[in-house]
Amino acid sequence: MTSKHEYDDQNIFAKILRGEIPNDKVTETEHSLAFKDIRPQAPVHVLVIPKGSYVDFEHFAAEASDEEIVDFIRTAGRISAETGISRGGDGEGFRVIANTSAHGGQEVDHFHLHIIGGRALGPMLSGSEG
Ligand code: 5GP
């Protein structure tokens with residue numbers, strides 16, 4: 001039986017982590033890497049990924065170590081201040097997205113958060129009233 005968390009190490013973010021593909025780095029820690037999305041949807045669009053091999057949010061939440069989870073969340077939590085989109089800082093807020101599998105519209109099967117801001121982002125879901 002195949003695991004629902006089966007990880008394909010040929011995905012694009014695994015290649016970025018191995019240095020096979022360049023990235024526009026925002027910050028890096030022992031367990032996490034943040035870099036700019038290649039097709040930004042807003043003035044600020046940063047991807048935050050764990051260095052470990054996790055397919056999606058569910059996999060990461062279930063199987064990452066406490067140390068990896070703390071490192072990842074703290075790293076993601078600093079991006080807004082570092083990019084000037086924090087509430088009450090020099091920005092006006094942002095959105096954090098973790099697309100998961102087909103219905104979530106996940107294209108790259110290595111867990112990542114999108115941190116998006118720098119403009120009003122409109123309704124939460126396409127086709128919704130907001
Ligand atoms: P997903 O749809 O899986 O949530 O998001 C994947 C994101 O990765 C997309 O926003 C896409 O623009 C971005 N992306 C895909 N390939 C690359 C790449 O080679 N470099 C960077 N920086 N981003 C990428």
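Residues I73 and F94 share a hydrophobic cluster, clusters being chains of Ile/Leu/Val/Met/Phe/Trp/Tyr side chains in contact below 4.5 Å. Linking ILVMFWY side-chain heavy atoms closer than 4.5 Å, directly or via other members, places V96 and I69 in a single hydrophobic cluster. Transitive grouping of hydrophobic side chains (ILVMFWY, heavy atoms separated by less than 4.5 Å) keeps I16 and V26 in distinct clusters.
Between N99 atom CG and H112 atom NE2 the span is 6.0 Å, to the nearest 0.5 Å. For the atom pair CG (L33) and CZ (F13), the distance works out to 10.0 Å, reported to the nearest 0.5 Å. Here the CG-CD1 distance, from L17 to I12, works out to 11.5 Å after rounding to the nearest 0.5 Å.
For E20, the salt bridge (Lys or Arg N to Asp or Glu O under 4.0 Å) partners are R18, not counting sequence neighbours. For N11, the side chain to side chain donor-acceptor pair (under 3.5 Å) test picks out Y7, with sequence neighbours left out.
Here salt bridge (Lys or Arg N to Asp or Glu O under 4.0 Å) pairs that include residues 93-119, with residues two or more places apart or in two chains, are R39-E107.
The number of heavy atoms from other shown groups lying within 6.0 Å of CG (D9) is above 12.
Chaining together hydrophobic side chains whose heavy atoms lie under 4.5 Å apart places I116 alongside I97, L121.
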Side-chain donor-acceptor pairs of residues 77-93 under 3.5 Å, sequence neighbours excluded:
{"from": "T83", "atom 1": "OG1", "to": "I79", "atom 2": "O", "distance (Å)": "2.7"}
{"from": "T83", "atom 1": "OG1", "to": "S80", "atom 2": "O", "distance (Å)": "3.4"}
{"from": "S86", "atom 1": "OG", "to": "A81", "atom 2": "N", "distance (Å)": "3.2"}

Please table the atom pairs, donor to acceptor, closer than 3.5 Å between any side-chain atom in residues 42-61 and protein atoms at least two apart or in another chain.
{"from": "H45", "atom 1": "ND1", "to": "Q41", "atom 2": "N", "distance (Å)": "3.0"}
{"from": "H45", "atom 1": "NE2", "to": "D37", "atom 2": "OD2", "distance (Å)": "3.3"}
{"from": "H45", "atom 1": "NE2", "to": "H114", "atom 2": "ND1", "distance (Å)": "2.8"}
{"from": "K51", "atom 1": "NZ", "to": "E28", "atom 2": "OE2", "distance (Å)": "2.8"}
{"from": "K51", "atom 1": "NZ", "to": "T29", "atom 2": "O", "distance (Å)": "2.8"}
{"from": "Y54", "atom 1": "OH", "to": "E68", "atom 2": "OE1", "distance (Å)": "2.7"}
{"from": "Y54", "atom 1": "OH", "to": "E68", "atom 2": "OE2", "distance (Å)": "3.2"}
{"from": "D56", "atom 1": "OD1", "to": "E58", "atom 2": "N", "distance (Å)": "3.3"}
{"from": "D56", "atom 1": "OD1", "to": "H59", "atom 2": "N", "distance (Å)": "2.9"}
{"from": "E58", "atom 1": "OE2", "to": "K4", "atom 2": "NZ", "distance (Å)": "3.0"}
{"from": "H59", "atom 1": "ND1", "to": "V55", "atom 2": "N", "distance (Å)": "2.9"}
{"from": "H59", "atom 1": "NE2", "to": "E63", "atom 2": "OE1", "distance (Å)": "3.2"}

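Residue A76 comes nearest to I115 through the heavy atom pair O-CD1, 3.4 Å, listed as atom of the first residue, atom of the second, then distance.
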